[in-house]
Amino acid sequence: MDYQKVLDTIHEELSHRDVYGKVASYIPELAKVDPKKFGMHLYKGKGEHYSFGDSIEKFSIQSISKVFTLSMAMQLLGEDLWDRVDVEPSGDPFNSLTQLEYEKGIPRNPFINAGALVICDILVSNLDDPKKDLLEFVRKICDNDSIEYDHKIAASEKSTGYRNYALVNYMKALGNIKNEVEPIVDFYFHQCSLAMSCEELAKAFMIFANNGKMLETGEKILSKTKVKRINALMQTCGFYDEAGEFSFEVGLPGKSGVGGGIVAIHPAQYSVAVWSPILNEKGNSELGMAALEKLTTMTGLSIF
Ligand SMILES: NC(=O)CC[C@H](N)C(=O)O
């Protein structure tokens, strides 16, 4: 199959499409991004890459980072992790507070904000310097030492981060947060501020398409079972209250972020990242979803 031709067709068809959503502005710094940015990168095998557009420009990965922190927490804690966070789709927006009350402070899954904040709490408890260790983890699976936090984005999110503060405070009141609030939200705002390109994200996510092993070196990062679970969570919870729609339209495990990025994988086949900052009302990239729908339709390569 000529993957470059498939990507070029997607680029050509979608560059002219009308989009109706908006760039995220509740994090003031994110509102400054050029809404016309559009890039995609598909990593198919050792040295086999295809891309178009702004695929090597770094952007704010936001919630995509939750897959990295979950991977680290699973490495550290094993099965005990699931006493603190559940594995069910939420059907609610990513920053919702409502389920927490009647579910007694146990978040529905690790990809909604409440769940990701519990994962932060676990990493803060278990690591001396979680920010340094996360950066090391991401640099390693990406084989790229240029990856950094964007401290301006982290500070900008902190300045308006009332909902995330509320989530941590509420879970602390209900007994599911062990550390002080400030180090947890500081770590969370930094993980969300990681700046990466589509090319870098596709490479990093290759471990989830390759049974937990880095493709180029064969080094094992995660066990097969852990990867199976992470992929199951991406499939059922990666897009919040649009997880069903993403499965229906695209048919791959994936994760989105309000920076406009989406990464998806096809086990044993490929890893793909797309970036377009205009979001639909559920907080997922409008063109990103359309591009991935076209990819799996044109190639016939979805997991279903
Ligand atoms: N869906 C997202 O990407 C949300 C991440 C963002 N940092 C927040 O907590 O609101």
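When a ligand or atom number is given, it counts from 1 through the structure's own listing order.
Scanning both residues, H41 and S51, for their nearest heavy atoms gives ND1-CB, 3.6 Å. Between I119 and T69 the shortest heavy-atom distance is CG2-O, 3.5 Å.
Neither the backbone nor the side chain of N95 has a heavy atom within less than 4.0 Å of ligand 1. When heavy-atom distances to ligand 1 are checked against a 4.0 Å cut-off, E157 comes that close only through its side chain, counted from C-beta outward. Of the heavy atoms in N113, only side-chain atoms (C-beta onward) come closer than 4.0 Å to ligand 1.
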Practice item. Begin from the C-alpha positions of K282 and Y240 and carry the test side chain to side chain contact (heavy atoms under 4.5 Å, CB included) through to its verdict. Key: CA-CA 8 Å; K282 304 280 170 84; Y240 320 111; over 6 Å; no
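Salt bridge present: E200 and K58 bring a charged side-chain N and a carboxylate O closer than 4.0 Å. Note on E216 versus K46: no salt bridge recorded, every NZ/NE/NH1/NH2 to OD/OE distance being 4.0 Å or above. A salt bridge between R139 and E148 is present, with a side-chain N of the basic residue lying under 4.0 Å from a carboxylate O of the acidic one. Taking the charged nitrogens against the carboxylate oxygens, K213 and E219 have no contact shorter than 4.0 Å, which rules out a salt bridge.
When hydrogens are left out, the protein atom nearest atom 9 (O) of ligand 1 is Y188 OH, 2.7 Å; that is the closest non-hydrogen contact. The nearest heavy-atom contact from the protein to atom 10 (O) of ligand 1 is Y26 OH, 2.5 Å. Protein heavy atom nearest atom 6 (C) of ligand 1, with residue, atom name and distance: Q62 OE1, 3.1 Å. Protein heavy atom at the shortest distance from atom 1 (N) of ligand 1 is S63 OG, 2.9 Å.
Heavy-atom contacts of G257 reach the following atoms of ligand 1: 3 (O) (cutoff under 4.0 Å). Below 4.0 Å from some heavy atom of C192 lie the following atoms of ligand 1, by number and element: 7 (N).
Residue N164 has at least one N or O atom closer than 3.5 Å to an N or O atom of ligand 1. Considering backbone and side-chain N/O atoms, I27 never comes within less than 3.5 Å of an N/O atom of ligand 1.
Separation of the F52 and F38 ring centroids falls under the 6.0 Å cut-off.
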